[in-house]
Amino acid sequence: MIASQSEILASPVFQFVTELTVELVAIFLAIIAAFFIEERRSKRVAKNRAIQISEALRSELRYYIEATEGIAEKIKTGLAKWERAASSGGNPPPFYFRLEGAERPPQAAWQAALRSKILDVFDPQLVFEVGNFYHEIDGVGRRFVRYGGFVEEEILPALEDGRASFYEGDSLKPQFRASMDRLAELGKYHTKFAAWARRISDRISDEVRRLEG
């Protein structure tokens, strides 16, 4: 005998299956809702973290700009003063420049950004430019370290001996002339990279406004 529809609906089995289906649907919907809530929370946290890292990067770049422009100006002024002294008939010791503190540029904020993986929310072109910038200034920093080594090993020990250590006749010895040429080149790099850092800082500001919008 075939059960009627009312008998099927009233049967314990049907009621159990119905209740189980409702519970499963409720659980599924709850999981989906939790997933979307967590995804939104994660994106919000990532965005806020990106903004914090952006501010740290801008602070690091401001420090770099200020320090670099000061270094470039001191190098330019010192070399010009040396040229005036040399052209007036004197035999001044080669001009040299020594940094106070670290010879390598700061990169703490950039390294923190790389470790935190928050760069995924940034414009890829901006990330590429910032990465390229830090790579380039690290290279200049390495050149400054090599220059500083020459100063410490060749120029400073010879200062007490005076003219005889630095000149052949009336001409500055080639290695000391070359050291000042390298220093002049480093000064130009510092001027160039200070301007580049300022442009990147402005772009990061634009990116923060986009993230906050």
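All residue numbers in this chain count up from 1 along the given sequence.
Between A109 and I53, the shortest heavy-atom contact is O-CG2, 4.5 Å.
A side-chain donor from one of S59 and R62 sits under 3.5 Å from a side-chain acceptor of the other. Between the side chains of E73 and T77, at least one donor N or O lies within less than 3.5 Å of an accepting N or O.
E185 pairs by the side chain to side chain donor-acceptor pair (under 3.5 Å) definition with R143, not counting sequence neighbours. Residues passing the side chain to side chain donor-acceptor pair (under 3.5 Å) test with T191: none are found, sequence neighbours excluded. Evaluation of the side chain to side chain donor-acceptor pair (under 3.5 Å) rule for Y64 yields no partner, not counting sequence neighbours. Under the ring pair (Phe, Tyr, Trp, His ring centres under 6.0 Å) criterion, W196 pairs with F133, F193, not counting sequence neighbours.
Summarising the geometry, atom NZ belonging to K76 is positioned 15.5 Å from atom CD1 belonging to I71; distances are rounded to the nearest 0.5 Å. Note that CD1 of I204 and CZ of R199 are 13.0 Å apart. Values are rounded to the nearest 0.5 Å. Remark: L186 CG to T68 OG1 distance equals 11.5 Å, nearest 0.5 Å. Considering OH of Y189 and CD1 of I75, their distance stands at 13.0 Å, rounded to 0.5 Å. The distance from atom CG of D206 to atom OG of S54, rounded to the nearest 0.5 Å, is 11.5 Å. Interatomic distance, K188 NZ to L183 CG, rounded to the nearest 0.5 Å: 11.5 Å.
Using a cut-off of 4.0 Å between Lys/Arg side-chain N and Asp/Glu carboxylate O, D123 and R210 are scored as not salt-bridged.
Using modelled atom types, one side-chain atom of S179 and one backbone atom of F176 make a donor-acceptor pair closer than 3.5 Å. Side chain of H135 to backbone of G131: no donor-acceptor contact under 3.5 angstrom is found. With E60 contributing its side chain and A108 its backbone, the two residues share a donor-acceptor pair below 3.5 Å. Of the possible donor and acceptor atoms, one in the side chain of S205 sits under 3.5 Å from a partner among the backbone N and O of S201. Panel note: side chain K173, backbone S165; a donor-acceptor pair is recorded below 3.5 Å.
Neither F144 nor I65 shares a network with the other; the hydrophobic side chains, linked directly or stepwise wherever heavy atoms of I, L, V, M, F, W or Y lie under 4.5 Å apart, form separate groups for each.
More than 12 heavy atoms of other shown residues, nucleotides or ligands fall within 6.0 angstrom of atom OH in Y167. Atom CD of Q52 is surrounded by more than 12 heavy atoms from other residues, nucleotides or ligands within 6.0 Å.
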Inset, instruction - Would you sort out whether R198 and D202 count as a salt bridge (Lys or Arg N to Asp or Glu O under 4.0 Å), showing the intermediate values? - result: CA-CA 6 Å; R198 188 169 281 107; D202 290 341; over 6 Å; no
Inset, instruction - Evaluate the side-chain contact (heavy atoms from CB on, under 4.5 Å) criterion for residues E69 and H190: first the C-alpha distance (whole Å), next the side-chain angles of each, then the deciding distance (0.1 Å), finally the verdict. - result: CA-CA 7 Å; E69 289 181 336; H190 278 68; over 6 Å; no
For a quick test of your reading: what N or O donor-acceptor pairs under 3.5 Å do the side chains of residues 146-160 make, sequence neighbours left out?
unit_1: Y147; atom_1: OH; unit_2: F97; atom_2: N; d: 3.0
unit_1: E152; atom_1: OE2; unit_2: R98; atom_2: NH2; d: 3.3

Output a table of donor-acceptor pairs, distance under 3.5 Å, between side-chain atoms of residues 84-96 and any protein atom two or more places apart or on a different chain; print 'none' if there are none.
unit_1: S87; atom_1: OG; unit_2: E83; atom_2: O; d: 3.0
unit_1: S87; atom_1: OG; unit_2: R84; atom_2: O; d: 3.0
unit_1: S88; atom_1: OG; unit_2: R84; atom_2: O; d: 3.4
unit_1: S88; atom_1: OG; unit_2: A85; atom_2: O; d: 2.7
unit_1: N91; atom_1: OD1; unit_2: R163; atom_2: NE; d: 2.9

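Annotation: side chain of M180 is in contact with side chain of L172 (closest heavy-atom distance under 4.5 Å). By the 4.5 Å heavy-atom criterion applied to side chains, I200 and R58 are not counted as neighbours.
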